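None of these values were measured; they are calculated from a predicted model. Values below: every heavy atom of this structure, side chains too, minus hydrogens, waters and symmetry copies.
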Amino acid sequence: MTTAAISVAGLHKRYGGTHAVDGVSFDVRPGEFYGILGPNGAGKTTTLELVEGLREPDEGTALLLGEPSWPRRPDLLRRIGVQLQASAFFEKLTAREQLHTFAALYDVPAARADAMLDRVGLTEKAGTREDRLSGGQAQRLSLACALVHEPELVFLDEPTTGLDPQARRNLWDLLRDINAEGRTVVLTTHSMEEAERLCDRVAVMDRGRILRSGPPAELVAELGAESLEDVFLQLTGREYRE
């Protein structure tokens, strides 16, 4: 029996009177492209941070590649890549300097970092400071930083938010290629189109809970719905708001 790439059981996280994550459980298979879909405020980012080991859960467990994600351990961190919702770069460094710095943290040779810069289409912007990159270029650089050490498991938190349609499609193509190489990818998104185009399975989430999960087309068929928006309406009794 194949060990799940991710196994999450009964995660809870509370902030005062707010139950941000309320008993979330799910599994992700090795090599799968798995999406957590929900509107803003659904609890997607907090869930991902708990799974990644960035936050300690109040209750529940998350196993990554068979190992607990909390407390954090350097050996596991080398096997995962994380792209946060807000890009976190070192100030006043060029795109190449940013990537070389991240590579050095993992003892990755500079030549491999340069190859990754080329792969995400930023070779021509190598000497440009991060604060002068476009939104799409900054997202590609952030993704390169998350991938430079060749992780087995990649987490992406709403990576296309704020991008124009062409930049979004370009990033989708890159994400498909990453997954096609055999890497497991977990994506949070509030875009129905993104979930349908990229994900093998999606978990529909709202108010801290996973309401239903499965392949997008199967969810629509199972509920006799016309779209994922209609699935959300049937599950919650309210319209979807991205």
Side-chain angles (χ1 to χ4, degrees), residues 4-29 32-65 67-73 76-77 79-89 139 142-143 145-146 151 153-163 175 184-192 194-195 198-214 216 219 228-229 231-232 235-242:
I6 300 172
S7 184
V8 176
L11 282 185
H12 289 262
K13 190 66 179 179
R14 302 171 186 86
Y15 297 101
T18 301
H19 207 151
V21 178
D22 188 5
V24 164
S25 299
F26 63 90
D27 291 327
V28 179
R29 304 164 189 141
E32 189 171 26
F33 203 128
Y34 189 88
I36 302 176
L37 171 68
N40 291 328
K44 305 185 303 298
T45 293
T46 304
T47 296
L48 211 61
E49 290 173 346
L50 294 172
V51 173
E52 295 161 351
L54 291 175
R55 296 182 186 272
E56 181 180 8
D58 296 328
E59 300 174 43
T61 59
L63 299 179
L64 304 183
L65 306 169
E67 303 290 340
S69 64
W70 185 272
R72 307 191 86 197
R73 296 190 317 282
L76 182 58
L77 294 178
R79 302 175 69 190
I80 68 174
V82 176
Q83 183 185 28
L84 301 174
Q85 189 175 111
S87 298
F89 295 124
Q139 287 293 68
S142 180
L143 183 60
C145 291
L153 177 56
V154 182
F155 293 97
L156 309 168
D157 193 5
E158 300 192 6
T160 63
T161 296
L163 300 187
L175 297 182
T184 305
V185 180
V186 178
L187 168 88
T188 68
T189 181
H190 56 251
S191 167
M192 296 287 184
E194 189 161 275
L198 293 178
C199 299
D200 299 313
R201 287 189 299 146
V202 297
V204 179
M205 188 171 188
D206 191 37
R207 295 172 177 167
R209 297 181 178 182
I210 289 179
L211 307 177
R212 196 80 171 246
S213 64
L219 289 177
L228 278 178
E229 289 96 332
V231 167
F232 186 83
L235 293 174
T236 66
R238 60 194 182 92
E239 293 185 358
Y240 190 85
R241 291 287 185 267
E242 292 191 5

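- Taking CZ from Arg14 and NE2 from His12, the interatomic distance works out to 6.0 Å, rounded to the nearest 0.5 Å.
- Separation of atoms CG (Leu77) and CD (Glu52) is listed at 10.5 Å; rounding is to 0.5 Å.
- Atom CG of Leu211 is separated from atom CE of Met205 by 8.5 Å, given to the nearest 0.5 angstrom.
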Check the pair Arg241 / Glu229 against salt bridge (charged side-chain N to carboxylate O under 4.0 Å, His left out), numbers first and verdict last. CA-CA 9 Å; Arg241 291 287 185 267; Glu229 289 96 332; over 6 Å; no
If you apply the rule side-chain contact (heavy atoms from CB on, under 4.5 Å), what do you find for Val51 with Val8, and how did you get there? CA-CA 7 Å; Val51 173; Val8 176; 3.8 Å; yes
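- His19 and Val21 get closest at one heavy-atom pair: CD2-O, 2.9 Å.
- Arg79 places no side-chain N or O within donor-acceptor distance of the main-chain N or O of Pro151, the cut-off being under 3.5 Å.
- The line from OG1 of Thr45 to CG of Asn40 is 8.5 Å long, rounded to the nearest 0.5 Å.
- Among pairs with a residue in residues 33-56, those fulfilling ring pair (Phe, Tyr, Trp, His ring centres under 6.0 Å) read Phe26-Tyr34, at least two apart in sequence or across chains.
- No side-chain N or O of Thr160 forms a donor-acceptor pair with one of Gln139 less than 3.5 Å apart.
- Without hydrogens or angle criteria, Glu49 side chain to Thr46 main chain gives no donor-acceptor distance under 3.5 Å.
- Applying the salt bridge (Lys or Arg N to Asp or Glu O under 4.0 Å) test to Asp27 and every residue at least two apart in sequence or in another chain returns nothing.
- Here the closest heavy-atom approach between residue His190 and residue Leu37 is recorded as C-CD1, 4.1 Å.
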Yes or no on side-chain contact (heavy atoms from CB on, under 4.5 Å) for Leu48 and Val82, after CA distance, side-chain angles and deciding distance? CA-CA 10 Å; Leu48 211 61; Val82 176; over 6 Å; no
Tell me, with the steps shown, if Ile6 and Leu63 meet side-chain contact (heavy atoms from CB on, under 4.5 Å). CA-CA 6 Å; Ile6 300 172; Leu63 299 179; over 6 Å; no
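- When only modelled atom types and interatomic distance are considered, Thr188 and Glu158 share no side-chain donor-acceptor pair under 3.5 Å.
- Across all non-hydrogen atoms, the minimal contact from Leu65 to Leu153 is CG-CD2, 4.5 Å.
- The distance from atom CG of Leu175 to atom CG of Leu143, rounded to the nearest 0.5 Å, is 6.0 Å.
- Of all heavy-atom pairs spanning Thr184 and Arg29, the tightest one is CG2-O, 3.7 Å.
- Listed by chain and residue number, nothing satisfies the side chain to side chain donor-acceptor pair (under 3.5 Å) test with Glu56 (two or more places apart in sequence, or in another chain).
- Scored by the salt bridge (Lys or Arg N to Asp or Glu O under 4.0 Å) test, Asp206 finds Arg238 as partners (sequence neighbours excluded).
- The shortest heavy-atom contact between Gln83 and Ala146 is N-CB, 4.2 Å.
- Of all non-hydrogen atoms in Ala195 and Pro216, the two that sit nearest each other are O-CG, 3.9 Å.
- Here Glu67 pairs with Arg73 under the salt bridge (Lys or Arg N to Asp or Glu O under 4.0 Å) rule; sequence neighbours left out.
- Considering only heavy atoms from C-beta on, Glu194 comes within 4.5 Å of Leu187 through its side chain.
- Judged purely by atom type and a 3.5 angstrom limit, Lys13 has no side-chain atom pairing as donor or acceptor with the backbone of Leu50.
- A heavy-atom distance below 4.5 Å is found between the side chains of Val204 and Leu219.
- Residues satisfying the ring pair (Phe, Tyr, Trp, His ring centres under 6.0 Å) test with Phe232, not counting sequence neighbours, are Tyr240.
- Without hydrogens or angle criteria, Ser69 side chain to Leu64 main chain gives no donor-acceptor distance under 3.5 Å.
- In this structure, the separation between CZ on Arg55 and CG on Leu11 is 13.0 Å, given to the nearest 0.5 Å.
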